[in-house]
Amino acid sequence: MSGHSKWATIKRKKGANDAARGKLFGKLVRQVEVAARESGTSDPAASPSLADAIQRARDASVPKDNIERAAKRGAGELDDGVAYTPVTYEGYAPGGVAVLVECLTDNKNRTASDVRQAFTKVGGSLADPGSVAYLFSRRGQIVLAAEGVDGEEAMLAGMEHGLEDLEDQGETMVAWCDPGERSTLRKAFEAAGLVVREASSPLVPSTSIPVADVAEAKKILRLLDLLDDLDDVQDVYANFDIADDVMDEASADA
């Protein structure tokens, strides 16, 4: 997963610009609204799923007012709420790389068309439901700021609180755990004085597809960018493993 992890790091850096941040804010606000609608409340204390969505928005520095309004819209306390439906698309990128696309939409026809067009642009294709989903499983992930942090210190802080693995990615450390342990592990890290950049429960593939061709790697990264740029798309997961040198060359112009 080194290639995919590096792409995630590149995406975080790209997300620092204003346009990307605005799009990310919109996605996170939508997640808060949906969580509030599903739980029937705007109070995060009464809904773990809403509390999780709000925390993800806070981690990304979404303004407090935006978060609160989204929660109230979802709970029906305001008149301008929209009913979003979760939908997942499965497909293949060039090279046979499996891709899962999680969306929240108020128009399935529009979303399906947009997602299909993204795959088609790079020579990929959508697949039947269930074709690639079995390759992925949900895991808890916590991204820590690595500056001034010793890996052993982080391991000690988390080992009795669900920590399963810790990856050093240079500027960050990525801690893995069972999704149900994520909140407990986050609190343990914060109690130890570690800085949590973000926390989520991504889908992680059980197997990966090596990608050694730069041109192919560029198409795969292009697909991920096209999908991420769609307002309805919330998360994209893929099982490619691009070597670091190939990733550097393929993402140079990204």
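Quick caveat: nothing in here was measured; it's all calculated off a predicted structure.
Following chains of ILVMFWY side-chain contacts shorter than 4.5 Å, one can reach Leu227 starting from Leu126, so the two form part of one hydrophobic cluster. When the side chains of ILVMFWY residues are joined at heavy-atom separations under 4.5 Å, either directly or via intervening members, Val211 and Phe119 end up in a single hydrophobic cluster. Val195 is not connected to Val143 by any chain of hydrophobic side-chain contacts under 4.5 Å among Ile, Leu, Val, Met, Phe, Trp and Tyr, and they are in different clusters. Cluster membership check: Phe240 shares its hydrophobic cluster with Val122, using side-chain heavy-atom separations under 4.5 Å among Ile, Leu, Val, Met, Phe, Trp and Tyr. Each of Val204 and Met173 belongs to its own hydrophobic cluster when Ile, Leu, Val, Met, Phe, Trp and Tyr are linked at side-chain heavy-atom distances under 4.5 angstrom.
In terms of heavy atoms, Pro63 sits closest to Phe25 at CD-CE2, 3.8 Å. Closest of all the heavy-atom pairs between Leu135 and Ala98 is CD1-CB, 3.9 Å. Contact detail for Thr105 and Asn107: the closest heavy-atom pair is OG1-N, 2.8 Å. In terms of heavy-atom proximity, Pro86 sits nearest to Tyr84 at CD-O, 4.1 Å. Heavy-atom minimum distance, Ala57 versus Ile67: CB-CD1, 3.7 Å. Smallest separation of non-hydrogen atoms from Ala238 and Val97: CB-CG1, 4.0 Å.
Of the possible polar contacts, none joining the Glu102 side chain to the Asp235 backbone as a donor-acceptor pair under 3.5 Å is found. The closest donor-acceptor contact from the side chain of Ser47 to the backbone of Pro44 lies at 3.5 Å or more, if one exists at all. Although no hydrogens or angles enter the test, the distance criterion places no donor-acceptor pair under 3.5 Å between the side chain of Gln31 and the main chain of Ala53. Using modelled atom types, no side-chain atom of Arg197 and backbone atom of Thr172 make a donor-acceptor pair closer than 3.5 Å. Side chain of Asp150 to backbone of Glu153: a donor-acceptor contact under 3.5 angstrom is found.
Two residues are said to be in side-chain contact when any heavy atoms from C-beta on lie closer than 4.5 Å; Glu249 and Asp245 fail this criterion. Side chains of Val196 and Gln55 form no contact here, defined as non-hydrogen atoms less than 4.5 Å apart. The side-chain heavy atoms of Met247 and Leu221, taken from C-beta on, include a pair separated by under 4.5 Å. By the 4.5 Å heavy-atom criterion applied to side chains, Thr111 and Tyr89 are counted as neighbours. Looking at Val236 and Leu100, their side chains never come closer than 4.5 Å, going by heavy atoms from C-beta outward. Counting heavy atoms from C-beta on, the side chains of Val99 and Val132 never come closer than 4.5 Å.
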Derivation and outcome, side chain to side chain contact (heavy atoms under 4.5 Å, CB included), residues Leu50 and Glu38: CA-CA 9 Å; Leu50 176 58; Glu38 291 178 345; over 6 Å; no

Kindly determine whether Phe136 and Glu90 satisfy side chain to side chain contact (heavy atoms under 4.5 Å, CB included), including the steps that lead there. CA-CA 11 Å; Phe136 296 81; Glu90 303 176 39; over 6 Å; no

Side chain to side chain contact (heavy atoms under 4.5 Å, CB included) evaluation trace for Glu181 with Glu164: CA-CA 10 Å; Glu181 298 288 343; Glu164 296 176 354; over 6 Å; no

Checking side chain to side chain contact (heavy atoms under 4.5 Å, CB included) for the pair Thr88/Val101: CA distance, chi angles, key distance, verdict? CA-CA 6 Å; Thr88 300; Val101 187; 6.0 Å; no

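Using a 4.0 Å cut-off between a side-chain N of Lys or Arg and a carboxylate O of Asp or Glu, Asp231 and Lys23 qualify as a salt bridge. Ion pairing between Arg139 and Asp165 fails under the 4.0 Å rule for side-chain N and carboxylate O.
In this structure, Leu78 shares a hydrophobic cluster with no other residue, the cluster being traced through Ile, Leu, Val, Met, Phe, Trp and Tyr side chains under 4.5 angstrom apart.
Between the CZ atom of Arg110 and the SG atom of Cys103 there is a distance of 10.0 Å, given to the nearest 0.5 Å. We find the OG-CD distance between Ser42 and Glu68 to be 9.0 Å, quoted to the nearest 0.5 Å. A distance of 11.5 Å separates CD in Glu152 from CG in Leu166, rounded to the nearest 0.5 Å. In this structure, CD1 in Ile142 is found 10.5 Å from CD in Glu198, a value given to the nearest 0.5 Å. Ile220 contributes atom CD1, which lies 14.0 Å from atom OH of Tyr92 (distance to the nearest 0.5 angstrom). In this structure, CG on Leu163 lies 5.5 Å from CG on Leu185, to the nearest 0.5 angstrom.
Checking each of Arg69, Lys27, Arg73 against Glu33 for a salt bridge (charged side-chain N to carboxylate O under 4.0 Å, His left out) leaves exactly one that passes, namely Arg73.
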